[in-house]
Amino acid sequence: MDKARLLDIFRHMILIRRFEEAVYDFHEQKLFGGHYHLYIGQEATGAAVMASLGAEDRIFSTHRNHGHLIARGVDPKNALAEILNRADGTNGGRGGTFHIADASVGMPHTSALVGGSVPLAAGAGFAAKLKKSGGIGVSMFGDGCFEEGVVFETLNLARMWELPVIFVCENNTPGAVLKSAGGNNTSNLPEGRVIQIPEALGMECHKVDGGDAEAVDVLFADCAARVRATGQPIFIEALTERWPGNYFSFPSMVTGVTQVSMAWDGGSISGEHQEWFLNHDPVLRFARQLLVSGVANFGDIVGIDVEVTETIKAAKEFAQSSPLPGTDSVYAHVLAGEG
Amino acid sequence: MDKARLLDIFRHMILIRRFEEAVYDFHEQKLFGGHYHLYIGQEATGAAVMASLGAEDRIFSTHRNHGHLIARGVDPKNALAEILNRADGTNGGRGGTFHIADASVGMPHTSALVGGSVPLAAGAGFAAKLKKSGGIGVSMFGDGCFEEGVVFETLNLARMWELPVIFVCENNTPGAVLKSAGGNNTSNLPEGRVIQIPEALGMECHKVDGGDAEAVDVLFADCAARVRATGQPIFIEALTERWPGNYFSFPSMVTGVTQVSMAWDGGSISGEHQEWFLNHDPVLRFARQLLVSGVANFGDIVGIDVEVTETIKAAKEFAQSSPLPGTDSVYAHVLAGEG
Amino acid sequence: MTVMTHAEALVAAIRECMDEDENVALVWGSLMGVGGNNDHVEHIKADFADRIFHPPISEAAIAAIATGAAMDGVRTIFPMGTASFMFRAWDQIIHEAGAAHYMSNGAVSIPAVFHVVHGLRGGGSVQHSQSPQSMLWNAPGIEIAMPSCPADAKGLMRTAIKSNNPTVFIDHQKLNKRSGEVPAGAYDIPFGVADIKRVGADVTIVATSLQVVHALEAAETLSAVGIEAEIVDLRSLVPLDEEAILTSVGKTGRLLVVDEAPPRCSVASEVVATVAEKGMDLLKAPPVRLNRLPVHVPANVALEDFVGPNTDRIVEAAKTLCG
Amino acid sequence: MTVMTHAEALVAAIRECMDEDENVALVWGSLMGVGGNNDHVEHIKADFADRIFHPPISEAAIAAIATGAAMDGVRTIFPMGTASFMFRAWDQIIHEAGAAHYMSNGAVSIPAVFHVVHGLRGGGSVQHSQSPQSMLWNAPGIEIAMPSCPADAKGLMRTAIKSNNPTVFIDHQKLNKRSGEVPAGAYDIPFGVADIKRVGADVTIVATSLQVVHALEAAETLSAVGIEAEIVDLRSLVPLDEEAILTSVGKTGRLLVVDEAPPRCSVASEVVATVAEKGMDLLKAPPVRLNRLPVHVPANVALEDFVGPNTDRIVEAAKTLCG
Ligand SMILES: Cc1ncc(C[n+]2csc(CCOP(=O)(O)OP(=O)(O)O)c2C)c(N)n1
Ligand SMILES: Cc1ncc(C[n+]2csc(CCOP(=O)(O)OP(=O)(O)O)c2C)c(N)n1
Ligand SMILES: [Mg+2]
Ligand SMILES: [Mg+2]
């Protein structure tokens, strides 16, 4: 048990949570338009996955990308500025929430088309194989992606071409509030039919509780090492109980701003979402685990929270004071120039 | 054991064989251009499948469609005329070998794009379900189609929407001569990974020796009855040993014109393709089965062959004497008029 | 006449057609795109449960299923949501739906409706702002309808559903909540008949979809400075009402075409080329295209507006053209 | 100078680039389409086995894999075969490959080459005869090259591989076996520089790909009746050499554009619209588009020929235009 590593994962998880709360706040203030998605409830998976990845690795995300980016190390200042479409955003303000990307941390492109980035991640594996860089491609994607044929094609290709890629499907259908109401923000595959598909292609497959940061970390570290060694793809299904605020297009902060003290002060938990706070909120779950195993005490947890809360506060100010890109900027980078 | 039924299947098989020999001959004579595909070696599957289908059913085929059409009952005259792109062709000469279709026998459209017709067949199931016609959709397709994502999507949809469809995958990769040479006319799925995919989606699946007409008939009759009764889709993998003349784009009649007497006159079989004639040629295999089981004697077999040979001879004459469509005809039917 | 929103008018058409013809099916996706107009469809869901199919995220397969079903006379309406998603089904729409009637020498036809929401929606960014009309128009065998107001939306949707051709029905997110008068009762608006949304003698503005709204706004400003614009709303691209365009240009001698797709090989290119070929002598000045700039759509709403054709730009272009 | 076939010239370019740059990868599909030109590639397969990938029939995933790999500097050449198959990867090419550079504000670029074989090939029928250039040109961020002869094929392919943009390299089945002189050694032909394949004073014929061959043939016939055609081979659509077109039209006063795609929103529409907008006063007569007829491509080779632009039709159109 590597204490520093676990605390680092926790730090990233609470950083993501505070980041997403900031995004929600910005949206409530109408500081950006269009629909958007939050990673609340899935922090354990993103943070734990990134703990085993290095500079040579490439990660590709989806419309629900904020958590992956923050966990990977993109500066929250620039990520928030991007969400506000400002000039200091990771993409100079032209991508917005859907497309935040930062090549400098190995996340070169985020596709907002369902399944769009899964083959791109396989492409990173392709490049790593060709260049013998030692890196791997990592695809973070939702269960809905299995409905898009290109994802199936990609799994087949990764097997056939022996690409060093880890496919991490974050299945957040369990608990989906809108499934019965006909929302399409969740997959329609016959119940439990996610991991069966790469299995049918003979790929190494694992299932994990995506709300359990330590479990994801242990599994992913092992998989990452093996993919580096063998060059063969691996598939992981991370089951994450859907956050109650995850509605069809626009999230709703029904669970309120997170109080880390809820991790130890059970008495403060009540109301409609009690069950989620007690059993599913990955941030609270991991805080409890760290406390129980003695990796951290209350003070450590609070200290980390205070620190990241400060970081996000500064990031919000940075983002809001960043200028809009000038209208002339729209002409740049349609085509690339000479190398 | 229904003697008439078995003889009818045999009649269709040998009719397909004679038809394909005629197509080959036409191509050798340069009577039509472009590349094309023959159904030789797969007759058992097509003929046996059609034996259980009625007027309300719809069948969709691929670039390798001749056998399915002939088995379904399209007139060889019009099919050959279509291959020569003549005015009396099933499609008025504008479809050609790739697109022969005949709505009057329930084969409304043939797509030459790999996997293209698989969802169309599911659409026929969709229509049958909506109209409560009692019919089913049948998709005849090659193993290569599994590489196209839209086929996976379709399998998922057929399960989800409970469409009365039978998916018949004719896996002709076994024995593929060009696989090692890098030809792409065969699938690249990890060995044996065809049926596993619909199985992973929880679909009822069966595997059958596609070179054994009786086995296909028994299985398909049962499946067709069950799909009609339950409305649920079924998948069948028919394994067919690849005909040695099935090259990448242009077939080659390396096994010569079929002599039905080879079925009983083993001495006449020798040379490079002996093994294929003895164990795989479905026409000869079925002739032997009919003889052994007493369903037919030599005379019956020869009699049927003479009859269909005549039919094809007349069809060839018809096709060759059919006029070319006039140039003005190209403008018709871009858009449909009022109902 | 009643006042309805664009979204309501569209749903009314679907409702009527489902009442009239039991072979009409609806894939229940996000007909109105994102943003809460889906309530209008609740009564359809309740009344026609066995003709409503909830879709997985499989644009390609569903487009082809609708096509296959159409061959047996089932008229499926498949709302694909944001027009960008349609590219996932590009092959199926162009090569199967758009070609089956021709390939069969007229034996089968494809009465399917593919509904999409195109254009600059306010924050759609690069991958949710497509205007696919120009690309589609290059493919034979597909009808393309593009309403600009509730009354047209209703009448054109009815025609789309009844048409025996595959129809791509291109709506605009920003039209959904706009209101307008809609004639009472059931009525069809035939394809191929452009509507002169405003009469004027000085410049012809050809537009479609939301750009008709912009053009009408611009016309008011132009009128104030003495320029009377005639606004030709094409309403359908396939078939095209060439005559209406040429007649108007014959009258005004000046042509401005407004189109939300990027300029190259666009609807604007096509209209300008058609007039150049068939009516060059009608023109008193070179024709002008006003397209989305030849760039991707940035997320920022101000930049998005800058990139798209908009009212100000139409005013400016028309003034220059008439000046 | 050596004489090579078009197919050989193309392979020579790929071979050179694979020699020069170890980051060039080749998906080994059917580079030359159907019909036996694949032999030319055997030596590449032998010498660069670890940079050759045998494809399953998965156009969409492979196009996106090439795009993802490009973000790390791997230059993948993905021959998709018949251009029609490209529609299976339409979303990936337009929305990912074509948009990544813009979306990242220039941080990543996509040096991938998508090679396809377009057009009327002699029996391709409805689904194997696509000319996707017009549709592609409507999408920002994609370079489009269309050679008409072996020398151009080689120089343009080298540029495509070295370009930092996604390039769709559009070849023609009927060009593959044609021979021509090819300069010795390695040379690049920049995109955006049209080539005047024939000088003439009476009519400008703008063409691409196989239609340049047809136009050159037509020019001989026209010359015999006293009409001297100037033939502008665009060679690349993106970037476009507008100046070459306008200069030639300035000289001849007459414009004929030949294009294998159907007419609506086609390359011909675009060139005509551009000239109408920017050079209407140069024109002595209305410009003329010569496209594939607005129908699907019938299987029959005689009808296919009738449907496509061809030498006779070019002669006819030029005569009418000059008459
Ligand atoms: C090609 C395409 N079709 C449809 C959409 C609309 N859409 C956005 S998110 C989404 C659901 C995705 O579900 P999943 O992959 O499970 O991700 P989650 O939102 O649950 O994290 C849909 C249908 C899209 N973005 N792209
Ligand atoms: C979308 C698409 N990609 C590629 C092709 C070229 N092609 C024609 S047949 C074929 C192989 C098909 O294999 P399979 O489905 O197993 O059928 P078989 O020929 O073995 O019967 C390929 C790649 C095509 N027709 N369509
Ligand atoms: Mg999900
Ligand atoms: Mg096969």
Side-chain angles (χ1 to χ4, degrees), chain B residues 27 30 32-36 63 82-87 89 91-100 109-116 142-152 179 181-190 248-250 324-335, chain D residues 27-36 38 41-42 45 49 52-62 64 79-82 84-89 91-92 120-130 173 262 264 292-308:
Chain B
H27 195 265
K30 300 202 192 317
F32 68 97
H35 63 302
Y36 70 111
H63 60 287
E82 187 56 40
I83 288 170
L84 296 189
N85 314 139
R86 303 298 172 93
N91 309 40
R94 52 170 57 166
T97 167
F98 285 165
H99 301 302
I100 309 173
H109 180 84
T110 296
S111 172
L113 295 159
V114 170
D143 47 305
C145 297
F146 267 98
E147 299 172 349
E148 290 284 2
V150 69
V151 172
F152 176 82
K179 202 179 176 189
N184 67 350
N185 215 359
T186 183
S187 67
N188 297 287
L189 292 158
F248 173 44
S249 303
F250 294 93
L324 283 179
T327 49
D328 269 7
S329 74
V330 303
Y331 298 102
H333 307 305
V334 174
L335 288 173
Chain D
V27 174
W28 177 237
S30 36
L31 180 57
M32 304 306 162
V34 173
N38 292 318
V41 195
E42 288 307 321
K45 285 168 75 177
I52 307 269
F53 292 78
H54 178 72
I57 317 168
S58 307
E59 291 85 359
I62 299 173
M80 309 181 85
T82 303
S84 309
F85 308 159
M86 176 173 236
F87 288 177
R88 286 277 168 90
D91 174 61
Q92 288 72 23
L120 309 189
R121 61 159 63 167
S125 195
V126 177
Q127 293 179 333
H128 284 70
S129 306
Q130 223 19 276
Q173 185 72 26
R264 298 297 193 185
R292 187 179 111 194
L293 298 179
V295 303
H296 290 283
V297 179
N300 186 276
V301 180
L303 296 191
E304 176 187 303
D305 197 51
F306 176 76
V307 157

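Numbers restart at 1 for each chain; the letters A, B, ... are given by sequence-line order, proteins then strands.
Contact annotation for B:Ser111: both backbone and side-chain heavy atoms come within less than 4.5 Å of a heavy atom of chain D. In this structure, the portion of B:Leu84 lying under 4.5 Å from any heavy atom of chain D is its backbone and not its side chain. Contacts between D:Val295 and chain B at a heavy-atom distance below 4.5 Å involve backbone atoms as well as side-chain atoms. Contact of B:Tyr331 with chain D is made through backbone and side chain together, with heavy-atom distances under 4.5 Å. Heavy-atom distances place the side chain of B:Val334, and not its backbone, under 4.5 Å from chain D.
With sequence neighbours excluded, no residue forms a salt bridge (charged side-chain N to carboxylate O under 4.0 Å, His left out) with D:Arg292. Every residue meeting the ring pair (Phe, Tyr, Trp, His ring centres under 6.0 Å) condition with D:His296, not counting sequence neighbours, appears here in chain and number order: C:Tyr102.
Atom CZ of B:Arg94 sits about 14.0 Å away from atom CD of D:Glu304, to the nearest 0.5 Å. Atom CD1 of residue D:Ile57 and atom CG of residue B:Asp143 lie 8.0 Å apart, to the nearest 0.5 angstrom. Remark: D:His128 NE2 to B:His35 NE2 distance equals 4.5 Å, nearest 0.5 Å.
For the residue pair B:Gly95 and D:Ser125, the shortest heavy atom distance occurs at O-OG, 2.8 Å.
Of the residues considered (D:Leu293, D:Val301, D:Val297), D:Leu293 shows the highest number of contacts with chain B, using heavy-atom pairs under 4.5 Å. Ranked by heavy-atom pairs under 4.5 Å with chain D, the first of B:Val150, B:Asn91, B:Val114 is B:Val114. The candidate with the highest count of non-hydrogen atom pairs below 4.5 Å against chain B, out of D:Ser84, D:Pro294, D:Gly123, D:Pro298, is D:Pro298.
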